[in-house]
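Here the structure is a predicted model, which is why all the values come from computation and not from measurement.
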Amino acid sequence: MNVFFMTLAALLATLVGTAGWLLAVPSDSPLHARLERSREELLSSLQDPGTRSQVRSRALRAAERVHPFLVRRLAWKSFDARPIVAATVVRAELAGAVLPLLGGLLALGGVGGLLRRRFLMERFGFHSLTFSYLGKALVAVALGAFTWTAISPIAPPIWTLYLFACAAAAGTWLYLGNLPPKL
């Protein structure tokens, strides 16, 4: 559980740090223009034009709803949070499409790990607590990185969600496959 809370704390710290950094950058900076270009690049990865326009309109509506609230709370009239919020919503929408794959891979890793554990129990194999702990840490870090990539406007490319899903599945396999026979 300690690994989970440490990963959660690191995730929250990076999100708060990213948000603070974006708040400190002026609205007319190249960073905000890059966020808009990034949002459009992410949208261009959607093949269906109808889906692309729906995701774009949802992102822009969310940005328009959140902007007055942030301006009121921060009391900065010159601050424009719309590119940040729109990029975040597009990333979250695309990550939502990857969630079924993540769930399937986690289930596959879990079944594979339990089969490996059963095989080791029948053959008197070696159950490594170190590998089990490393698997648990890999799952926590991979899921934290998946979440950060999904909701942070400045994050790794969106294709890394697949990499993090595979890493979480491998960690699940490693964790469950190396648990001791008697718990």
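Within the 4.5 Å cutoff, the side chain of Trp148 has heavy atoms near those of the Thr14 side chain. The side-chain heavy atoms of Ser152 and Thr88, taken from C-beta on, include no pair separated by under 4.5 Å. Put simply, the side chain of Leu105 reaches to within 4.5 Å of the side chain of Cys166, judged on heavy atoms. Looking at Leu138 and Leu134, their side chains never come closer than 4.5 Å, going by heavy atoms from C-beta outward. Within the 4.5 Å cutoff, side-chain heavy atoms of Phe146 are placed close to those of Leu99.
The side-chain contact (heavy atoms from CB on, under 4.5 Å) test applied to Ala168 returns Leu102, Leu106, Ala142, Leu143, not counting sequence neighbours. In this structure, the side-chain contact (heavy atoms from CB on, under 4.5 Å) partners of Ser57, at least two apart in sequence or on a different chain, are Arg61. Here Leu94 pairs with Leu42, Ser45, Leu46, Val90, Ile158 under the side-chain contact (heavy atoms from CB on, under 4.5 Å) rule; sequence neighbours left out. Contacts of Ile151 classified as side-chain contact (heavy atoms from CB on, under 4.5 Å), with partners at least two apart in sequence or in another chain: Leu15, Thr147.
Under the 4.5 Å side-chain contact rule for hydrophobic residues, Phe164 and Leu101 share a cluster. Leu161 and Val139 fall within a single hydrophobic cluster, where Ile, Leu, Val, Met, Phe, Trp and Tyr side chains are chained together by heavy-atom contacts under 4.5 Å.
Minimum heavy-atom separation, Ala97 to Pro100: O-CD, 3.5 Å. Of all non-hydrogen atoms in His127 and Arg117, the two that sit nearest each other are CE1-O, 3.8 Å. When all heavy atoms of Pro180 and Leu129 are compared, the pair lying nearest together is CD-CD2, 3.5 Å.
Checking side-chain atoms of Ser128 against main-chain N and O of Phe131 turns up a donor-acceptor pair under 3.5 Å.
Note that the CG atom of Leu179 and the CG atom of Leu174 stand 10.0 Å from one another [nearest 0.5 Å].
Residues in residues 91-112 take part in these side-chain hydrogen bond (donor to acceptor under 3.5 Å, both in side chains) pairs, two or more places apart or across chains: Arg58-Glu93. The stretch residues 161-178 participates, sequence neighbours left out, in these side-chain hydrogen bond (donor to acceptor under 3.5 Å, both in side chains) pairs: Arg116-Asn178.
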